[in-house]
There are 2 protein chains.
Amino acid sequence: MSPSKTPSSTPDENETSVEGGRRRATINDIARLAGVSKKTVSRVINQSPFVRDETRERIEAVIAEWGYAPDPQARGLAFRRSFLIGMIYDNPNPQYVVNMQLGLLDGMRGSGFELVVHPCNRSSPTFLTDIRAFVERQKLYGVVLPPSVSEDERVAKLLNEIGCAYIRIASVELDKPEHMIVGHDRMGGAQAARHIVELGHKRIAFISGPESFRSSHERRGGFEDALAEAGLALAPEDIVQGAYTFESGVACGDLLLSRTPRPTAIFCGNDEMAAGVLQSARKAGLSVPQDLTVVGFDDFQIAQAVWPPLTTIHTPTREIGRIAVEKLIGGERREPRDVTKMEPNLVIRESSGPVPA
Amino acid sequence: MSPSKTPSSTPDENETSVEGGRRRATINDIARLAGVSKKTVSRVINQSPFVRDETRERIEAVIAEWGYAPDPQARGLAFRRSFLIGMIYDNPNPQYVVNMQLGLLDGMRGSGFELVVHPCNRSSPTFLTDIRAFVERQKLYGVVLPPSVSEDERVAKLLNEIGCAYIRIASVELDKPEHMIVGHDRMGGAQAARHIVELGHKRIAFISGPESFRSSHERRGGFEDALAEAGLALAPEDIVQGAYTFESGVACGDLLLSRTPRPTAIFCGNDEMAAGVLQSARKAGLSVPQDLTVVGFDDFQIAQAVWPPLTTIHTPTREIGRIAVEKLIGGERREPRDVTKMEPNLVIRESSGPVPA
DNA sequence: GGCAGGATGGAAACCGGTGTCAATCATCTC
DNA sequence: GAGATGATTGACACCGGTTTCCATCCTGCC
């Protein structure tokens, strides 16, 4: 059940290194060397104001000389809290996951925190139990929730109960500002709509992401609103539901392109599905963008790896991650502010063009 | 520098939960409830044989009833080692990174260990210092090194010095068996070659990954060896160097397809570059596989998201990750064995076909 | 029945930090 | 110059486990 054995592979003994012999310094060592009590060293480490400058400098010198860094486990034990940030997610897109991780790491660089990843399955019967065990056992300092876990009120409630700080990254405001970062998918949808309208398209279709993702609704909502501003509207049959996957994009594309008359522009809930539509169009003998305009969402790697490269909505995922962690660990050094909003923006590539003659 | 503030956002106080009041049980609670000393409870947790069955059962019952789990920090402090596994990597491919993470998590599910991710940059001046600080501060239980960090002897040496267990995942045997998992890229290269030869191709080209990746050399080596068995050889100009990226695939494709006579088959060091070649072929007005056969390597998501879907070499990344962690934490319950080898295998899709008439 | 020796259980120290609270020190006030 | 006041500092317990060392309890054996 729990870790119980000593590690199997012990390192070479034959290769004694110069450094190897020097034991890691402890707070007691530093205290002795600086001629103070360990409590005072602790004060310096924790930036307590109640230390005379002269004393502080002396201790800091010793710390620097010995390259001392406090043991996070011991510190955590005393603090009743670890210095680990959890990322709990179920987003299936590798590009999103990696970008988010990089963003989180950006935000905690040099802070002494570490990132522990925890993929999960929202439909598992042990979903909440697993999260609870994870957070409580590791005494996580805080948790970042990207979509769609972020949209699960059970998770937010659980974390509130446990008393674990968290940040939800979502399309809309779901919680108190200090717990949220809003990605503003709605605005992205609107940007896509305006681009397509400007190109002169009238017969426009939309491939939605799964119902279970809030972003699906927001992207669609923003798209429809902006269309309405231009005096256009999506008929119900112009909206088909995909699953944010490549395959679903192909299927939805097949469906839409078999219609008569067929749409001249398709806005897809994400790039994966847009790539699927490109493939569907190819099968149908259509050229993009001459016969069909395709617009994606996310601007992940795949957007540039397909042909033609996708016009899409860029979402600053990594940046969002960075800011999320900063909110989590930065604490009171930032003044309270509104919900943090990160705006997407349109990237025009080659998959969109004027309406065919 | 180091975490020093209390968390900024405190959870709601107004929503008192039923569960919230019940303090987490400690080893002392369990000992008291079971009527034994905490040392005996500790023995049960650590599976010591020196506990009478009756006593053990009683203690286990109390543990189960209270859902007790020992505090990893306290335990780690006493063990002088944490229960964290580090993944130190510099592989730029999100699909690889995510698959590897999932594999590692598969292998540690239910073990009480957690995964801490640590991307790095091999050419950074603080590369080794960073790793050392990470491993030593967190007192990592073990580290998994995927390519190309796995191929860096400085890292292996450092970890040996520190005395941290590690597993290297690489194309070839670089270390003692217990420290290695070999991906056998050479075999994959050979499989690609045999497939291409069977289709009747003679004018064959190869796009290599970057020099700095061992897998580049192995994939190429296996490919050339199997070609040689069929009496074929790659001329130096048929080998061009890419960078494992989509863009480099486009560039290398442009170069190769502008030749006269041009190759009828191109084997690419990975799927990304193969996708790039597909795009290059499209620009050149060539149909795949009618005019050109393209074979990739890895079988990541992109292989199925492009058109036509790529014939490629599937590498069991997730499985490799699982086994790596099991070696790391499974320890002495596994008998010493040879270097673990994970074999790739050919997946035939639609990007390969018989040589054009 | 007495004794050697293995099986069990417990007290106390320790891992490396932090919280509490009292003691010490330097000024300041009158 | 004495007491007051607030800034500094340190002694000691504690976080939740493990290890060391020793006491006790059974056994089997003679």
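By convention in this document, chain letters (A, B, ...) are assigned in the order of the sequence lines, proteins followed by strands, and residues within each chain are numbered from 1.
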Main-chain N/O of T26(A) paired to D29(A) side chain as donor or acceptor, under 3.5 Å: yes
Cation-pi, Y141(B) ring and R81(B) (6.0 angstrom, 45 degrees): yes
Non-hydrogen side-chain atoms of R75(A) and P72(A) separated by less than 4.5 Å: no
L77(B) or R52(A), whichever maps to the more 5' nucleotide of DNA chain C: L77(B)
I59(B) CD1 - dG17(D) C1' separation (whole Å): 15 Å
Nucleotide dG17(C), atom C1' - distance to CD of Q47(A) in whole Å: 16 Å
Spacing between Y68(A) atom OH and dG17(C) atom C1', to the nearest angstrom: 7 Å
Parallel, tilted or perpendicular: ring planes of Y166(A) versus H179(A), cut at 30 and 60 degrees: tilted
Derivation and outcome, side-chain contact (heavy atoms from CB on, under 4.5 Å), residues I169(A) and M180(A): CA-CA 6 Å; I169(A) 296 167; M180(A) 286 292 308; over 6 Å; no
Interatomic distance, R81(A) CZ vs dG16(D) C1' [rounded to whole Å]: 17 Å
Phosphate contact (dT18(D) OP1 or OP2) by R75(B) side-chain N/O below 4.0 Å: yes
Trace of the side-chain contact (heavy atoms from CB on, under 4.5 Å) decision for I59(A) with R56(A): CA-CA 5 Å; I59(A) 294 175; R56(A) 177 192 313 282; 5.9 Å; no
Sorted by number, the residues of residues 26-39 of chain B with heavy-atom contact under 4.0 Å to DNA chain D: T26(B), I27(B), K38(B), K39(B)
Terminal axis angle for the helix from dG1(C)-dC30(D) to dC30(C)-dG1(D), five pairs an end, nearest 10 degrees: 50°
Interatomic distance, E54(B) CD vs dC26(D) P [rounded to whole Å]: 11 Å
Identified side chain to side chain donor-acceptor pair (under 3.5 Å) partner of D106(B) from the options Q101(B), R318(B), R322(B): R318(B)
Worked check of salt bridge (charged side-chain N to carboxylate O under 4.0 Å, His left out) between K157(B) and E153(B): CA-CA 6 Å; K157(B) 181 157 180 294; E153(B) 291 302 334; over 6 Å; no
Separation of atom CZ in R80(A) from atom P in dG16(D), rounded to whole Å: 6 Å
dG10(D) OP1/OP2 closer than 4.0 Å to side-chain N/O of T40(A): yes
Under 3.5 Å donor-acceptor pair, R43(A) side-chain atoms to dG10(D) base atoms: yes
Gap between atoms CZ and C1', on F50(B) and dT20(D) respectively (whole Å): 15 Å
Where A25(A) and Y68(A) come nearest, the two heavy atoms and their spacing: O-CD1, 3.4 Å
Along DNA chain D (nearest heavy atom to each residue), the more 5'-positioned of R58(A) and A74(A): R58(A)
Spacing between K139(A) atom NZ and dG17(D) atom P, to the nearest angstrom: 8 Å
